[in-house]
Participant: 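Structure provided below as structure tokens; questions to follow.
In what follows, chains carry the letters A, B, and so on, assigned in the order in which the sequence lines appear, proteins first and then strands, with residues in each chain numbered from 1.
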Amino acid sequence: MAEQENLDLFATETPYVVGQVVAIFYQNPTNFYKVLLVRVAETNSTYDDKEIVITGNFGQVQEEETYRFFGKLVDHPKFGVQFTADRYKQEKPTSAAGVVAYLSSDKFPGIGKKTAETIVQLLGENAIDKISENPEVLAEVKGLNAKKREVLVNTIQASDGMEKIIIGLNSYGFGSQLAYNIYQTYQGETLDIIQENPYQLVQDIENIGFKKADAIADQLGFAADSPARLKAAILYSLNELCLSQGNTYTLAEPLLEESLKVLESSRAFIIDPDALAEELLQLIEENQLIEDQHKLYIKSLYAAEWGINTSIKRLLERKKEITYNSHDIPKEIRKLEKRLGISYGASQIQAIEEAIVSPLFILTGGPGTGKTTVLNGIVSLFAELNGLSLDLNDYSDKVFPILLAAPTGRAAKRMNETTGLPSSTIHRLLGLNGRENNNDEQSDRELEGGLLIVDEMSMVDTWLANQLLRAVPEHMQVMFVGDKNQLPSVGPGQVLHDLIDAQLIPNMELNEIYRQGDGSSIISLAHEIKDGQLPNDFTQNKKDRSFINCYAYQIEEVIRQVVAKAKAKGFTPQDIQVLAPMYRGPAGIDALNKMMQEIFNPNDTGRRKEVKFNDRIYRIGDKILQLVNNPELNVFNGDMGEITSITYAKEADDKVDELVIQFDANEVTYKRNEWNKITLAYCCSIHKSQGSEFKMVILPMVQNYGRMLRRDLLYTAITRSSELLILCGEVSAFQESVLKSSATRLTTLKERLLEDNDAPLTIDSSATRSSVEKKTELTAGTRSNETKPAAAPVQAKIEEVSLFETAEEEPSLSYRLTVEMIRTNAVDPMIGMEGITP
DNA sequence: ACTTGTCG
């Protein structure tokens, strides 16, 4: 066969396809991956149809344009024969006429046919390559002003440069998503930056860890003991140590230890601890990492803690109390009760009275203590006292004066539902995109309005609190609402806890329970757990709670029986919520969901409509959990709904499988590619249940859950129940949870707040330190401190290392910091804070 | 060998 011979002959040549892009079938908006339909002009492959589908990572591919794709033919199980391109380039016109047409096309605005002809006359048919290689050649072209020259060069280089970069990134092994993120960050400098220091990626790009960067560095010939490598490992470990535990700082010993582990597990090479410590000093010197009082901080977290301090002080310096002379506040509250048809408890009245006159106020309280009721009362009273309308129609042309916000979409939605007023996530309120945690420019945008209420404040981390507080203008009243016993923020810090602990801000805790009826043993259980113990009657059955003793592998069967009985008594899947701390394992969420689905929504006959996604099956009637926010459709992360219809691809208009899910009042359609935004909800994680309550909660707790056996999780889980609580599992697991106090996070926010320093502070990385300061630093602190015993040999070795070497050539650095000094508190607190300006 | 938030 001639064609076969042909193929063999060119077997070593990379298959290519040249052709015009007819259509872009699909492009992933968040990365470079695209599916193109291409009209084949030329190919060395065996493909002989007129059009071909080409997939791959492409930059700015445009319809109608012609490209040369290199790659291979593949037989896709669903879509048939396709061409997978691993590199491509724009096919440049070669004949003089083609080049003229190309240059005078609207791709080059301002370049007409005449100019194009002049260029080709002067530079010839390969004018485009010439310009790309050396833009100077355009200087010879007469009648071309600077602006047109720029258009030509930029356009030619842009299409050329981008594809080179994408190919370069692919060759380093970055997939489409990462390649896109990297390109977004570095643009045209991408490859230069990577070649110069691949470790930079670890700092700048999310999801690139030390190992990945180290592999590239290895390829590029970076030595295993090169300073760049050691520094990268230190910064990476600092991040890991702080973020994994929610701390805002760590100490030298654990940091160096962790760094060694990271370095030596990535490449088989023994690192000299002295050299590593040396690089740590360098990093401090370069202000890439902050050292203060022995504590080592991620720069942005150090700045954020100071920033919060500054903002809080600024807000506290305003007048201490807001006065409403013409109003009698207790009387107004009574009027409010009448109007809303409710009756506040004594502590609720007190909270409203105090909050309404405080420029800054914190309201805390456990579930069922009526935080929401009080919040509502304050909103109404604020409007009343200030003569404000709460009718949105009155604000068509001005800003609504009361801002309601929360760290999660679901909490924000709840505020909106209970107040009837607009509310949003804090991110939306501030116009943040959720990724500016690091050293991005801080916005100086100010919020507008008279009152800001933030709910679920315990879930606000240090970065976000800083950004939020910065944006509060002078005249705005602020109130934080939260429950410090629930799950802490995902990000580092424990802002609400520290703010309360510092005792600078007026605050009040609600203690009376309004939710459950009298004699509820769930609430007393919650209180005991909060205080770190299980009640004596823990395993006894009460009218509203019970305990079933069993092992992990029996959990599924125990819950099956409990649920079957509950179902027979008329409980619906909406009434019953199984909560578990983790997904995997015999008593994990995944297994329990499958079992629950079999009870509530089986397909015994095998004839029901069902669709599969990953390991899950969905049927009409299934209870569904939403996993991401979708404010446009009023559906938020943590919302639960029910599948009301399934449309198979062959029946659907656009030939993809569809689910319709009913959430409260609205129905939302999910195409198959959005099914990762939902999951089954019969059983969900305790984390996801935060902010919801259920008639009956079934809570398994077994040793298998390991590190998830924590007090805050147990507390959050049991307080989700409004009527019935069924506990099952091992007593020892419950016991362990109760004892494991959610390890208090390491932060210095409270210290900052209590430091007698109310000057607004900013950290200027370009600042240099003065020698005068240096000297005082050294002599300032010689307080003694007890010495900790060294644990591991590695540590012991590091401890001998002198952290700061004397830099003789630079008198301004003429001090010597040793680990011993760090330990004995002989370091001035202000190191790394030079340039702080009032 | 754990879970979790925000945004485009």
Side-chain angles (χ1 to χ4, degrees), chain A residues 27-32 177 180-181 183-185 206-207 240 243-246 300 304 405-414 423-438 440 443 454-468 471 482 486-496 552 579-590 625-632 635-639 674 677 679 683-692 701-717 733 736-737 740 742-743 745:
Chain A
Q27 51 184 323
N28 187 324
T30 64
N31 58 41
F32 292 121
Q177 178 69 60
Y180 180 81
N181 292 343
Y183 185 78
Q184 287 295 309
T185 306
E206 210 181 354
N207 292 328
E240 291 292 297
L243 302 194
S244 66
Q245 294 167 51
S300 65
T408 68
R410 190 173 160 70
K413 179 187 185 181
R414 216 175 40 231
S423 74
S424 75
T425 60
I426 298 172
H427 282 85
R428 278 196 162 232
L429 186 70
L430 299 174
L432 303 175
N433 64 25
R435 293 204 52 216
E436 51 272 278
N437 286 340
N438 293 323
D440 294 2
S443 129
V454 181
D455 199 359
E456 297 286 6
M457 188 62 190
S458 63
M459 290 154 76
V460 175
D461 66 33
T462 303
W463 288 308
L464 189 59
N466 179 39
Q467 277 161 316
L468 177 67
Q486 289 201 41
L487 304 177
S489 58
V490 172
Q494 43 180 14
V495 178
L496 179 66
L579 298 177
M582 59 194 274
Y583 287 90
R584 293 173 306 99
I589 296 163
D590 294 331
L625 179 71
Q626 170 78 16
L627 299 172
V628 296
N629 290 341
N630 192 342
E632 287 74 28
V635 181
F636 294 88
N637 187 352
D639 281 353
E674 299 168 311
K677 296 174 180 165
T679 188
C683 176
C684 76
S685 71
I686 297 172
H687 274 89
K688 288 282 182 195
S689 74
Q690 199 175 19
S692 305
M701 219 31 100
V702 289
Q703 292 292 346
N704 276 43
Y705 295 154
R707 295 205 303 214
M708 298 302 281
L709 297 173
R710 270 169 27 203
R711 186 190 301 170
D712 54 1
L713 275 164
L714 180 58
Y715 177 82
T716 304
E736 199 176 317
S737 307
K740 220 180 321 163
S742 7
R745 297 176 167 193

Participant: Between A:Thr425 and B:dC7, is there a contact of a side-chain N or O with OP1 or OP2 at under 4.0 Å?
Facilitator: yes

Participant: Measure CG/A:Leu487 against P/B:dT4 and give the value in whole Å, please.
Facilitator: 10 Å

Participant: In terms of side-chain heavy atoms of A:Arg428, which of B:dC7, B:dC2, B:dT3 is nearest?
Facilitator: B:dC7

Participant: Grab the CG-C1' distance between A:Leu243 and B:dT3 for me, whole Å please.
Facilitator: 15 Å

Participant: What's the closest nucleotide to the side chain of A:Lys688 if the choices are B:dG5, B:dC2, B:dT6?
Facilitator: B:dG5

Participant: Just jot down the side-chain contact (heavy atoms from CB on, under 4.5 Å) partners of A:Tyr583, sequence neighbours excluded, or say none.
Facilitator: A:Ile589, A:Asp590, A:Ser685

Participant: Please state how far atom NZ in A:Lys677 lies from atom P in B:dG8, giving the value in whole angstrom units.
Facilitator: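 To the nearest whole Å, that distance equals 12 Å.
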
Participant: According to a strict under-4.0 Å criterion, is A:Asn629 in side-chain N/O contact with OP1 or OP2 of B:dG5?
Facilitator: no

Participant: Does some side-chain heavy atom of A:Pro492 sit less than 4.5 Å from a side-chain heavy atom of A:Trp463?
Facilitator: yes

Participant: Considering only heavy atoms from C-beta outward, does the side chain of A:Leu713 approach that of A:His687 to under 4.5 Å?
Facilitator: yes

Participant: If you pin A:Tyr705 and A:Gly491 to their nearest nucleotides in DNA chain B, which one's is more 5'?
Facilitator: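 Residue closer to the 5' terminus by nearest nucleotide: A:Tyr705.
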
Participant: Please state how far atom CG in A:Leu713 lies from atom P in B:dT3, giving the value in whole angstrom units.
Facilitator: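 Result: 11 Å.
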
Participant: Between B:dT3, B:dT6, B:dC2, which one does the side chain of A:Arg584 approach most closely?
Facilitator: B:dC2

Participant: Quick check on DNA chain B: between A:Pro631 and A:Pro581, whose nearest nucleotide comes earlier from the 5' end?
Facilitator: A:Pro581

Participant: Figure out the CG/C1' separation between A:Leu625 and B:dT4, and round it to whole Å.
Facilitator: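 For the pair A:Leu625 CG and B:dT4 C1', the rounded distance is 13 Å.
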
Participant: So what does A:Gly409 touch, heavy atoms closer than 4.0 Å: a base, only the sugar-phosphate, or nothing?
Facilitator: sugar-phosphate

Participant: B:dT6 C1' sits how many Å from A:Arg410 CZ, rounded?
Facilitator: 16 Å

Participant: Measure the distance from CG on A:Asn630 to C1' on B:dG8 and round it to the nearest whole Å.
Facilitator: 13 Å

Participant: Hey, does A:Met459 reach any base, or is it just sugar-phosphate, or nothing, if we go heavy atoms under 4.0 Å?
Facilitator: nothing

Participant: Can you name the salt bridge (charged side-chain N to carboxylate O under 4.0 Å, His left out) partners of A:Asp639, sequence neighbours left out?
Facilitator: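 Salt bridge (charged side-chain N to carboxylate O under 4.0 Å, His left out) check on A:Asp639 returns A:Arg410, A:Lys413.
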
Participant: Rounded to whole Å, please give me the gap between CZ in A:Arg710 and P in B:dT3.
Facilitator: 11 Å

Participant: For B:dT4, does OP1 or OP2 lie under 4.0 Å from any side-chain N or O of A:Ser685?
Facilitator: yes

Participant: Ignoring backbone atoms, establish whether A:Tyr583 has a side-chain N or O less than 4.0 Å from OP1 or OP2 of B:dA1.
Facilitator: no

Participant: Are A:Leu627 and A:Lys688 side-chain neighbours, meaning at least one heavy-atom pair lies under 4.5 Å?
Facilitator: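 In short, these two side chains touch, coming nearer than 4.5 Å.
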
